[in-house]
Number of protein chains: 4
Amino acid sequence: MSNNKPVCVSLDDFHDYAKATMPKSSYDYYALGAMDNETRKNNRKAFSKIRIRPRVMRDVSNVDTTADILGHKISMPIGIAPMAMHKLAHPDGELATAKGAAANDTLMILSTYSTYSMEDVAKAAPDGLRFLQLYVHKDRTAASDLIKRAEAAGYQGLVVTVDRPKLGRRIADAKNKFKRPSDMKMQNLKEEKNKNEDRGTFNKGMTGTVDSSLNWATDIAWLRQTTKLPIILKGILTAEDALLAVKYKVDAIIVSNHGGRQLDGAPPSIEALPEITEAVQDRIPVYLDSGIYRGSDVFKALAYGAKAVFVGRPTLWALCYDGDKGVDKMLKIIQEEFRLTMALAGCTSIDQITRDYVRRKEQYIPKL
Amino acid sequence: MSNNKPVCVSLDDFHDYAKATMPKSSYDYYALGAMDNETRKNNRKAFSKIRIRPRVMRDVSNVDTTADILGHKISMPIGIAPMAMHKLAHPDGELATAKGAAANDTLMILSTYSTYSMEDVAKAAPDGLRFLQLYVHKDRTAASDLIKRAEAAGYQGLVVTVDRPKLGRRIADAKNKFKRPSDMKMQNLKEEKNKNEDRGTFNKGMTGTVDSSLNWATDIAWLRQTTKLPIILKGILTAEDALLAVKYKVDAIIVSNHGGRQLDGAPPSIEALPEITEAVQDRIPVYLDSGIYRGSDVFKALAYGAKAVFVGRPTLWALCYDGDKGVDKMLKIIQEEFRLTMALAGCTSIDQITRDYVRRKEQYIPKL
Amino acid sequence: MSNNKPVCVSLDDFHDYAKATMPKSSYDYYALGAMDNETRKNNRKAFSKIRIRPRVMRDVSNVDTTADILGHKISMPIGIAPMAMHKLAHPDGELATAKGAAANDTLMILSTYSTYSMEDVAKAAPDGLRFLQLYVHKDRTAASDLIKRAEAAGYQGLVVTVDRPKLGRRIADAKNKFKRPSDMKMQNLKEEKNKNEDRGTFNKGMTGTVDSSLNWATDIAWLRQTTKLPIILKGILTAEDALLAVKYKVDAIIVSNHGGRQLDGAPPSIEALPEITEAVQDRIPVYLDSGIYRGSDVFKALAYGAKAVFVGRPTLWALCYDGDKGVDKMLKIIQEEFRLTMALAGCTSIDQITRDYVRRKEQYIPKL
Amino acid sequence: MSNNKPVCVSLDDFHDYAKATMPKSSYDYYALGAMDNETRKNNRKAFSKIRIRPRVMRDVSNVDTTADILGHKISMPIGIAPMAMHKLAHPDGELATAKGAAANDTLMILSTYSTYSMEDVAKAAPDGLRFLQLYVHKDRTAASDLIKRAEAAGYQGLVVTVDRPKLGRRIADAKNKFKRPSDMKMQNLKEEKNKNEDRGTFNKGMTGTVDSSLNWATDIAWLRQTTKLPIILKGILTAEDALLAVKYKVDAIIVSNHGGRQLDGAPPSIEALPEITEAVQDRIPVYLDSGIYRGSDVFKALAYGAKAVFVGRPTLWALCYDGDKGVDKMLKIIQEEFRLTMALAGCTSIDQITRDYVRRKEQYIPKL
Ligand SMILES: Cc1cc2nc3c(=O)[nH]c(=O)nc-3n(C[C@H](O)[C@H](O)[C@H](O)COP(=O)(O)O)c2cc1C
Ligand SMILES: Cc1cc2nc3c(=O)[nH]c(=O)nc-3n(C[C@H](O)[C@H](O)[C@H](O)COP(=O)(O)O)c2cc1C
Ligand SMILES: Cc1cc2nc3c(=O)[nH]c(=O)nc-3n(C[C@H](O)[C@H](O)[C@H](O)COP(=O)(O)O)c2cc1C
Ligand SMILES: Cc1cc2nc3c(=O)[nH]c(=O)nc-3n(C[C@H](O)[C@H](O)[C@H](O)COP(=O)(O)O)c2cc1C
């Protein structure tokens, strides 16, 4: 790490560095959410309104943070969420992210819109655990092509994003007339699919090549036919849809509002989680992303029933800070914060983290 | 559009332009609410506290925003609220507004206090759908006169404003000693009715020529006798009054607090809506205005039972920005935001938008 | 009024003028509350969280604001609260206040600690309605003396302040080392009682000459023996004490937290009001002060069962602004605001103002 | 006191002085809490949301603030919490604190990590009441050694801190690379235990010499065997742990979140108190610290069932301000604030302070 960079002790320190050093339009593209950024901001606010009830006088000399994700053991219940275009943050892009994740024995989910090809990413960190995030394209041959390539390259799961039938409206991108730099390609996509949407224009059709007709009735079946990989739906926010996911036998779901980048006004994912874990009743694992940036956030999500969480933007800031070493450092910080939270709350393994350990601040009031 | 104007991607962008360019006293007259502006500010805050629960994996490749208003088909459940004196914003005043509305196949409600006559407005956009907003005057001959003219000019509904028996107290107008510019006339009114109230003076009588004795017992009957046009009451905020409207057989009601310009301390219209739609039980259509400025606001109002909404001030800001082209652009933006909200929430026609799609943030808490 | 004074259209305008022109230590003494000013600030915040539910289509061409206070007719349910040392605001002090109140046919309560004698105040506005506020002194001969003088000077009621057994701790006064100017006397008190407490010192004994042993068991009886005037207790904040007031047959009570100047942390008076009016069940009239500064506040207090309210600090600011003419103007403004609130809410006399017209914002939520 | 120091009338004044005069890294070490400082800030916010319901017309000419702590009479239910390294604030360190506490007839709890030895502290104020706070060390011989020394030096209680199995993460300390100054020693500890942790490093092991395996099953028994002193557990925040404390027959507990320095996200201690006093049902005394800085806070804690409270940081600020005289002054101020609160609330002895005197602001709402 170069010497004149500030010391990072919290995930927000990576953010501050990135904000200060990245081109504004790239920073804005990464940082901001849809419309008025309400959901994005509420993601973090909602975490801060949950209290942890610490239990004391327990032997916490050994705290084990290991977790399991669809049969794969990982060092902590914290993986990396799929995000487009890591190259905007660092020339090594997704290669560096993959290395950082692998160095910490945890999962990286690679975006369809990565700026290195999934094969190159696989090669950069051959031992790392990787899932591919899939935007199902209108052209189903192209879509099944992507899946086949993922299988071949050793990806172990397929994360199908369901909250983006159309692109969310991001005001700053429109004002900045943000475009993917022309020397940066979506390396998983064929040339002809790889055209550059101008986000300054806002029209009915704006979905690019993503299939906005995706639906329960036909498409889970199509996915099952196409691959043997486990299928994880990303972007569920209601008990009703979680129950449909169980009914249609998907392997897992990710409670997510896409970091507030799609439907502004959608609930913070941590608020949506309880109705979902209650409905699902452990029939399939429930994961969560959106707003995670402290070890205590991880603890809270697990207490409400999530089996693991994914970190989005902080990964990009860490990448910008110092490539794979930045991502490595970021993951170590949040892991240690999580371990410390467990110790101070009196838990030594993640299965001990239950609902008794959390309470909304409003729930303290009736007693006062 | 002239080249040095900022790009508008949200309705607030029109506002910012208008605030920067209009004379302060005109801007204040348009922008501000009564007294401490609590109701005005709460109108928007109340929307932002409602969460939308998005449903996923639905075919949203075609989203239909069309709506119906008293038998007239409109392209979206979004019309233009009646507002006095559009000329303060742009020399083309209500003519431009009418053109913008007509270009988008939606309803404009013309104010009694328009600065172009209702006949001229009708001619400016002959195919547009128009209602006349009526302040019932003490002089009932004058009042029925207005109604007859509206019928003759092809107005299709009569919006009777009931929340202004006396003029609300607007502090900035009093401090600015705001007066209608002398070269601007209320073109629907006869010369002698057209005198200029000085808002710096505050006295018991201040109602101008509006009849503050309007009441259920006698005046609905009088209106029915006077016209065959459908009668819509604007300014209802309680279930009790909504039930009276049903009892007295008016055709529709608009839940509104007049954009916070009348009784400061009145509830945000979106908060008042549920008790009203519950009481009315679909016997008459319920519309809403006050605080609408995003497509997601429209979605929320419909989810609580409104059949359509009206946009107030953003129309004036858009008018100031670019006359009829500004209004056209404003309507297109909010329509596309609404369409996108529908798509991301999993709805393809407005009748699908029900209460299940919304929840107050407080309702998420008991589960946490 | 001198020409370079700003125009006052709201009660806060008088405040702003006073703040800009008064010596800081006098302004602070008037303006601030005890300790952290929580109660003082909450007084106003609590009003702003109450919504008024306006009823429409009622004949409000005549709105009657008259009220009754212990058998005396007043022009509005708004009187002037007792406050020490009006001379700090204006050389005419309490004389001017009395004139302003009398000019508006309403009640003034004179403080024990007035800077003109009660006899002089009576002479300044002989036709005005006046009560004397009493701090019961340890020396009961002196106390009964004050009462006899009040009877002789035509005061019609005795307001016994019960929330000041010891002086509240006001931080700014202590820091400013605030003292009554030496040329200003408490004209109702004998020379030897009139010594000047240094508020910079803070010690156990600090009660001056006020009797901190005042109690239900003995002192209501003593008051009844001493005078035939109606007895009003000022400073009740709980249902329990209100019931004791009924039991001990006082004539009326004033729900008040002394404008937040005594116990910081006490509830806003408008929050305490409902439990009190519910308990009292109209057996004696309940009045309220603390935080009233808009006509809509008066409406809200009446809706929760108060029969009248008293305005404190705004009187002092108005006095500073323009002596008796300032007070007159201030009272006219709040009366007209109250009248307008009544009209816009659909009420034409104060007995129509009931609980149905108000609702806490939290009560709207369950329907959303 | 030197003449150019500002006058202190509230406990926050000592803080302001210390903030302005101490080296930043020492100030930060004292002032800040863990992670995002949420719990630290909520400690005070939570107090400010509690209303006191004052009772009037009671004889409060004599207000008795005396209290009892495990059989020892103290002048007020307010003692001094254990805090490390008082020498950072003033060269006289814990000697001065002990003198200030003794001068006010109240309890001081000395930290294991004091910068004067417990024997020297005992000698500095021989008549004062003192408990020793114990961090149980891995090396139990060293631990029982400390206990024996405390007994020999006349300490009357053992406060075992249970919320610090690992050191909380304090961001500012890490950024400041805060270290104990090399000329300052933990005088209770043997040389070899006295090594200096660099808080800039953050690693799994960071517990120093404190035993993170402390647990109910074995360690209460060990403590009982080791000493006859009463055992007080400090750092309980749940009813469950309070019941375990009763079950394991400890003598008292302190509800505390360590001033927000350990688990960020833990509830404010005043919020956690009611569930604990309800569960404990007076079987053992419950004390409280964290966020106390006004006499009214003490009143609120007692109303919810605490028998006494402890003041943390304000002690350090007062020490910095003026050594033992500063601590003396600070204690006198909060005692007088507490006495005044009692008087204004209508209580003359601390056993009269019950739950009827307090109410959360939310509890006022249903009546509105
Ligand atoms: C810049 C950026 C690009 C993203 N691209 C994708 C994507 O291509 N596919 C996807 O499923 N989610 C995408 N997401 C959403 C993330 O997977 C994740 O849901 C979100 O970032 C979590 O919120 P957080 O950033 O607050 O941690 C993207 C998020 C960001 C910030
Ligand atoms: C400048 C202005 C003038 C208005 N004039 C009228 C009017 O003449 N008649 C009427 O019924 N409502 C009038 N209104 C109220 C609007 O019809 C509508 O209720 C309100 O603007 C909706 O709130 P919004 O501005 O937040 O959208 C006026 C509003 C504004 C801002
Ligand atoms: C400067 C000042 C002096 C006061 N003096 C007295 C007094 O002598 N006797 C009394 O009963 N109340 C006194 N009060 C309290 C008022 O009667 C009244 O309760 C309070 O001002 C109402 O709150 P408001 O100022 O928010 O309207 C005083 C208040 C102020 C601001
Ligand atoms: C600088 C500092 C050092 C502390 N050291 C200790 C300690 O050595 N042992 C302990 O049990 N608590 C320690 N505490 C916690 C205090 O005992 C107490 O719980 C906390 O300060 C109360 O919160 P307050 O500062 O808001 O009053 C320390 C607190 C501070 C501020």
Side-chain angles (χ1 to χ4, degrees), chain C residues 34-36 38-39 42 46 49-50 138 162-169 171 174-175 177 200 202-204 206-207 211-220 233 235-238 240-241 244-245 248 257 262-268 270-275 278 304 358-363, chain D residues 6-13 16 44-45 47-65 293-300 303 329 332-348 356-368:
Chain C
M35 298 290 182
D36 296 314
E38 286 175 9
T39 295
N42 285 336
K49 282 171 186 159
I50 295 165
K138 286 172 190 154
V162 294
D163 61 3
R164 193 194 176 280
K166 307 209 176 198
L167 184 63
R169 178 101 174 114
I171 303 302
K175 295 207 169 165
K177 298 185 188 295
F202 185 51
N203 57 47
K204 294 188 206 185
M206 190 164 188
T207 52
D211 187 352
S212 56
S213 78
L214 207 74
N215 64 80
W216 296 107
T218 62
D219 292 306
I220 302 291
L233 297 190
I236 304 275
L237 284 170
T238 62
E240 294 91 322
D241 280 338
L244 285 172
Y248 283 95
N257 54 37
Q262 286 295 108
L263 178 63
D264 200 34
I270 188 70
E271 279 186 11
L273 182 62
E275 71 175 63
E278 261 179 38
Y304 287 112
V358 282
R359 203 173 267 178
R360 267 289 296 217
K361 69 173 183 168
E362 284 80 0
Q363 290 168 296
Chain D
V7 175
C8 288
V9 295
S10 298
L11 269 55
D12 272 355
D13 295 327
D16 296 347
R44 275 176 69 161
K45 268 194 223 158
F47 275 107
S48 81
K49 282 172 187 159
I50 296 165
R51 316 271 199 232
I52 301 176
R53 303 175 73 238
R55 302 298 306 274
V56 297
M57 296 283 286
R58 290 177 172 184
D59 180 345
V60 293
S61 43
N62 291 302
V63 173
D64 177 4
T65 64
Y293 96 108
R294 279 277 185 215
S296 52
D297 299 333
V298 183
F299 187 94
K300 290 169 184 176
K329 193 180 178 72
K332 286 198 164 48
I333 289 174
I334 194 164
Q335 180 175 24
E336 288 316 310
E337 286 184 358
F338 176 55
R339 188 193 307 280
L340 180 58
T341 303
M342 287 179 69
L344 295 181
C347 297
T348 53
D356 293 336
Y357 288 86
V358 282
R359 204 173 269 178
R360 268 289 295 218
K361 69 172 184 170
E362 284 80 1
Q363 290 168 296
Y364 278 96
I365 295 170
K367 295 238 171 240
L368 281 172

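Chain naming here is simple, since letters A, B, ... match the order of the sequence lines and numbering starts at 1 in each.
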K49(C), E275(C), Q262(C), E362(C): which one forms the most heavy-atom pairs within less than 4.5 Å of chain D?
E275(C)
Does R169(C) come within less than 4.0 Å of E336(D), counting only side-chain N to carboxylate O?
no
Exactly one of T39(C), L263(C), L237(C) should register a side-chain contact (heavy atoms from CB on, under 4.5 Å) with I52(D). Which one does?
L263(C)
By a 4.5 Å heavy-atom criterion (distance strictly below it), what part of S10(D) contacts chain C: side chain, backbone, both, or neither?
side chain
Heavy atoms only, distances under 4.5 angstrom: which of D219(C), N257(C), I270(C), D241(C) has the most pairs with chain D? Name it, please.
D241(C)
Which portion of D13(D) sits near chain C, non-hydrogen atoms under 4.5 angstrom
side chain
For V162(C), is it the side chain, the backbone, both or neither that has a heavy atom under 4.5 Å from a heavy atom of chain D?
both
Is there a side-chain contact between M57(D) and I220(C) (heavy atoms, below 4.5 Å)?
yes
Polar side-chain atom of E271(C) near backbone of P268(C) as donor-acceptor pair, under 3.5 Å:
no
For D59(D), give me all partners under salt bridge (Lys or Arg N to Asp or Glu O under 4.0 Å), at least two apart in sequence or on another chain.
none
Would you mind checking if D12(D) and R44(D) are paired as a salt bridge, meaning a charged N to carboxylate O distance below 4.0 Å?
yes
Interchain contact, Y293(D) with chain C, by part (heavy-atom threshold 4.5 Å):
side chain
With only heavy atoms counted, which part of R55(D) is less than 4.5 Å from chain C, the side chain, the backbone, both or neither?
both
Relative to chain D, which segment of L244(C) carries a heavy atom at a distance below 4.5 Å: side chain, backbone, both, or neither?
side chain
If the condition is salt bridge (Lys or Arg N to Asp or Glu O under 4.0 Å), which residues does D297(D) pass it with, not counting sequence neighbours?
none
Top residue by heavy-atom pair count (under 4.5 Å) with chain C, among S296(D), A343(D), P54(D)?
P54(D)
